[in-house]
2 protein chains.
Amino acid sequence: MTNAKTDPRILRTRKLIMDAFMELSGKKEFKDITVKDITTEAMINRATFYYHFEDIYDLLEKVLSEVLLVNLDCDFYQNNDLNEESLVKIFIAITNFQKSLSNRCHRGYEDTIARIIREQLEVVLYKMLLNQNKIEVDEGLRITAVILSWGIYGASVEWRRDDKGMLPEEFIKLAIPSIISGVNITKE
Amino acid sequence: MTNAKTDPRILRTRKLIMDAFMELSGKKEFKDITVKDITTEAMINRATFYYHFEDIYDLLEKVLSEVLLVNLDCDFYQNNDLNEESLVKIFIAITNFQKSLSNRCHRGYEDTIARIIREQLEVVLYKMLLNQNKIEVDEGLRITAVILSWGIYGASVEWRRDDKGMLPEEFIKLAIPSIISGVNITKE
DNA sequence: GTGTATGTGTTGTTTATCCAACACATTGAA
DNA sequence: TTCAATGTGTTGGATAAACAACACATACAC
């Protein structure tokens, strides 16, 4: 949670690299982007790239995670319970994120992207659950977060598949009762 | 003329500092801008500032020189003779530069600014004169450049003073004949 | 095949930047 | 006055970034 103050040069350089990568993603397919392209655009040395990232796939992963987190983070999960409103917002954030990706060119990396979304989602949901239960750690809540993250991500896939022109918020609201209250047979 | 390749970190950091300073100039008066303000905005260490600039006045000087050069440089003085057209362009560039400064807040530094404009102007004019005479060095042309730079700067001061709503290009065109052909009594 | 070109990832050395600490000046409030 | 707060400019040691050089892989032409 705390990083004991990282060197500002590191933050600055990482930002330069990530911004350069996002800029290039708007112009080329991922498979056509070389490390040299990125470092030239970022105005840093190629060796410096490898100081911060394993390789270009590692960069992809971290960029996507960060972009998604920006979409999710600031609005909630500080100071927000996991209720209908926040679930809708999260779902919208995910569909927005996927929409923004389809503009950029990451064909062939759908699985990676799916995993990243789900992992970030899990982290956020877990934090919100802990927060609203005022607990430090809890394995039960963690597993709940895992299940919810898979479920919500699956819903976003389903939403994209049947393009009935339904709005994301409409779509997810159909499922929210069973998420909030659980699968309760004695519904009536 | 050639710098034997400067370290990219230096170029990058100088740009960060200068951009930060210009950003702040739009918000505060020069006298209220501290070195800490600049380095915070530029995301660099305060000691690094002093690695590149003597002090904040040194920075002011270099920023103004660079901004003015950008206004002048690219358009001419490569591949351009000193004729009516280029003189008009130069004059417009100077008045534009002064207009852009009046938005920012450099009150109390008019003399510094005047000197910077004149010095840069002299350099540009000298290069153009050498260029069109196909000479390497010439003390006569250098002095011509000095006189011209003072004269043209003086014209810009005069133009601002009597705000008859005359356009810069109209104003300078009145003087161009005597600049080009010299003060020739047997005019007719 | 052989050569040329382009990309990846690593290494050792040099250099720019960070940082904490310092002395000193200025300002304003107690 | 004295003290606290804020700004300037400098220094020595630690660390990130630059750079050139390297081995290796892939591809494409002749």
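A quick note: this is a predicted structure, and the numbers were derived from the prediction, not measured. Note on naming: letters A, B, ... go to the chains in the order of the sequence lines (proteins, then strands), and numbering restarts at 1 for each one.
- Where A:P8 and A:I56 each meet DNA chain C at their nearest nucleotide, the meeting point lying more 5' is that of A:I56.
- Rounded to an integer number of Å, the gap from A:R9 CZ to D:dT15 C1' is 5 Å.
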List the steps, then state whether side-chain contact (heavy atoms from CB on, under 4.5 Å) holds for B:V123 with B:E119. CA-CA 6 Å; B:V123 170; B:E119 283 171 0; 5.8 Å; no

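- Side chain of A:T48 to main chain of A:I44: no donor-acceptor pair is present (N/O by atom type, distance under 3.5 Å, no hydrogens or angles).
- If you check every strand for non-hydrogen atoms under 4.0 Å, B:D7 touches sugar and phosphate atoms only.
- Note: NZ (A:K36) to P (C:dG9) measures 15 Å, nearest angstrom.
- In this structure, B:R12 reaches the sugar-phosphate backbone alone: every heavy-atom distance under 4.0 Å involves primed, P, OP1 or OP2 atoms, never a base.
- Both B:L11 and A:T34 sit near DNA chain C, but only A:T34 has its closest nucleotide nearer the 5' end.
- Atom-to-atom, CD1 of B:I44 to P of D:dA17 comes out at 15 Å; the value is rounded to the nearest Å.
- Regarding contacts with the backbone of C:dT17, every side-chain N or O of B:N45 stays at 4.0 angstrom or more from both OP1 and OP2.
- The side chain of B:H52 contributes an N or O atom lying less than 4.0 Å from OP1 or OP2 of C:dT17.
- Along DNA chain D, the nucleotide nearest A:I10 and the nucleotide nearest A:R46 are compared for position; the residue whose nucleotide lies closer to the 5' end is A:I10.
- Residue B:T13 places at least one side-chain N or O under 4.0 Å from the OP1 or OP2 atom of C:dT17.
- When the P atom of D:dG9 is taken as reference, atom CG of B:D58 falls 11 Å away, rounded to whole Å.
- A:A145 and A:L129 get closest at one heavy-atom pair: N-CD1, 4.1 Å.
- Rounding to whole angstrom units, CG of residue A:L16 and P of D:dA18 are separated by 9 Å.
- Whole-Å rounding puts the A:R14 CZ to D:dA16 C1' distance at 11 Å.
- B:D37 has its side chain within reach of B:K28: a pair of non-hydrogen atoms, C-beta onward, lies under 4.5 Å apart.
- Distances shown here put a side-chain N or O of B:Y51 below 4.0 Å from the OP1 or OP2 atom of C:dA16.
- What separates CG of A:L59 from C1' of C:dG7 is a distance of 16 Å, to the nearest Å.
- Rounded to an integer number of Å, the gap from CD of B:E54 to P of D:dT8 is 15 Å.
- Taking side-chain N and O atoms only, A:Y50 has a distance below 4.0 Å to OP1 or OP2 of C:dG9.
- Dense packing is recorded around CD of A:E61, with more than 12 heavy atoms of other residues, nucleotides or ligands lying under 6.0 Å away.
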